[in-house]
Number of protein chains: 2
Amino acid sequence: MSSLADHIEAYIKKMLRSSGTNSVELSRAQMADDFSCVPSQINYVLSTRFTLERGYIVESRRGGGGYIRIGRVQVEDDYAHAVRLLQSIGSELTEKQMDNILVHLKDHQIISPRELRLIRGIVQQEAGKIGQGRNLLRASLVRSLLFFIIESKS
Amino acid sequence: MSSLADHIEAYIKKMLRSSGTNSVELSRAQMADDFSCVPSQINYVLSTRFTLERGYIVESRRGGGGYIRIGRVQVEDDYAHAVRLLQSIGSELTEKQMDNILVHLKDHQIISPRELRLIRGIVQQEAGKIGQGRNLLRASLVRSLLFFIIESKS
DNA sequence: TGAACTAAGGTCAGTAATAGTCAAAGGAAG
DNA sequence: CTTCCTTTGACTATTACTGACCTTAGTTCA
């Protein structure tokens, strides 16, 4: 049931975890070949799953000896970083923005997968109860829940 | 007597029981096909029977390879009463009502004094940001934060 | 040295595959 | 008959995947 994009994402994350250097380099064509797909599929995965919002940096070079390098953003202090992320939440938050923040925090082990699911569930449930102002509610809810979690752990 | 929605509910619960993992994944279209109904009927069942208050988390994704995943979250007996209290929170909540609930939960050791202060602080902060609909926001915020706390402890 | 060739990677728009929303119609229990 | 729950379907939104075409960098050789 999980899509090809999911598999590619998982594979890259596994490479990242086992790299030790927080950064991996790969060949787009090679990758596409390994997964039997068109090369642009790799770009699709990168642009949907490895965004800056989610805490990843992607660099690349074309031409002979070209490459794609994927790194995780470096933070000195996870706690301070999380607080900054929280502060970056404005008064409105779309579902996609929320997801990016949650995945970012999960990938950096600031919240657990279970907490991520719970927050998503709670927000979905509450947002479903109102007609207007969902983005406003989402912002409040996510800010509060994350603040609570971070505060509880510190 | 027993409606189609009931059958679908029972079927999903049976899948959950026999899954071993406390979570099942299904395809909305497939499900609708199996029960010879329109796909949105599945949404109806999910939104009326598999709510957070009843102990379920529903996640889904659209698009190719899309899915609906239903997970179970279990609440211990100690907290069942608190959950019922949560359910009684309507769509609006005044500051006074909120305080009554928080104090009650603190007195019954469901939340700690620190958590009480934290919730009050968060709600005050968020409520201060908006002009209208404070009671609506308070209800969502308190319900969500308390649910999160209870869920995290059980 | 620079034109032509080779070897990467990037973009974008179109198609297909799912799921979600909402309001209206239907039906059963009081 | 009224009210509440169920069922339906038309319309919408999101996500995945593909292929044609574009850009950039290195290499070769007249």
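Quick note on labels: first sequence line is chain A, next is B, and so on, each numbered from 1.
Going from atom CE of B:M31 over to atom P of C:dT18 covers 16 Å, rounded to whole Å. The distance between atom CD1 of B:I42 and atom P of C:dA19, rounded to the nearest whole Å, is 10 Å. Separating the CZ atom of B:R49 from the C1' atom of D:dT7 is a distance of 12 Å, rounded to the nearest angstrom. Between A:L46 atom CG and D:dT15 atom C1' the separation is 16 Å, expressed in whole Å. Between the C1' atom of D:dT15 and the CD1 atom of A:I8 lies a distance of 14 Å, rounded to the nearest Å. The interatomic distance linking B:R69 (CZ) with C:dG20 (P) rounds to 13 Å, in whole Å. Rounded to whole angstrom, the span from the CD atom of B:E59 across to the P atom of C:dT18 amounts to 19 Å. Per the geometry, CD belonging to A:Q41 stands 16 Å off C1' belonging to D:dA20, to the nearest Å.
Residue whose closest nucleotide on DNA chain D sits further toward the 5' end, between B:T48 and A:G64: B:T48. Of the residues near DNA chain D, A:L4 and A:G63, the one whose nearest nucleotide (by heavy atom distance) lies more toward the 5' end is A:L4.
Remark: the B:R62 side chain and the D:dA13 base include a donor-acceptor N/O pair separated by less than 3.5 Å. No hydrogens or angles were tested; on distance alone, a donor-acceptor pair under 3.5 Å links the side chain of B:S40 to the base of D:dG9.
In terms of phosphate contacts, A:K96 brings a side-chain nitrogen or oxygen within less than 4.0 Å of OP1 or OP2 of D:dT15. Not one side-chain nitrogen or oxygen of A:Y44 sits closer than 4.0 Å to the OP1 or OP2 atom of D:dC17. For C:dT11, the OP1/OP2 oxygens have no side-chain nitrogen or oxygen of A:R28 closer than 4.0 Å. Distances shown here put every side-chain N or O of B:R61 at or beyond 4.0 Å from the OP1 or OP2 atom of D:dA13.
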Please step through side chain to side chain contact (heavy atoms under 4.5 Å, CB included) for the pair A:M98 and A:L141, ending with a clear verdict. CA-CA 10 Å; A:M98 172 183 85; A:L141 238 34; over 6 Å; no

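At a threshold of 4.5 Å between side-chain heavy atoms, the hydrophobic network of Ile, Leu, Val, Met, Phe, Trp and Tyr places B:I110 and B:V73 in one connected group. Taken together through direct or relayed side-chain contacts under 4.5 Å among Ile, Leu, Val, Met, Phe, Trp and Tyr, B:I89 and B:I150 form part of one hydrophobic cluster.
Ring planes of A:H81 and A:H108: tilted class, angle from 30 to 60°.
You'll find that the side chain of A:V38 is closest to D:dG19, out of C:dA19, D:dG19, D:dA16. Comparing D:dT6, C:dG20, D:dA16 by their closest approach to the side chain of A:A5 singles out D:dA16.
A donor and an acceptor atom, one from each side chain of B:E53 and A:Q125, are located under 3.5 Å apart.
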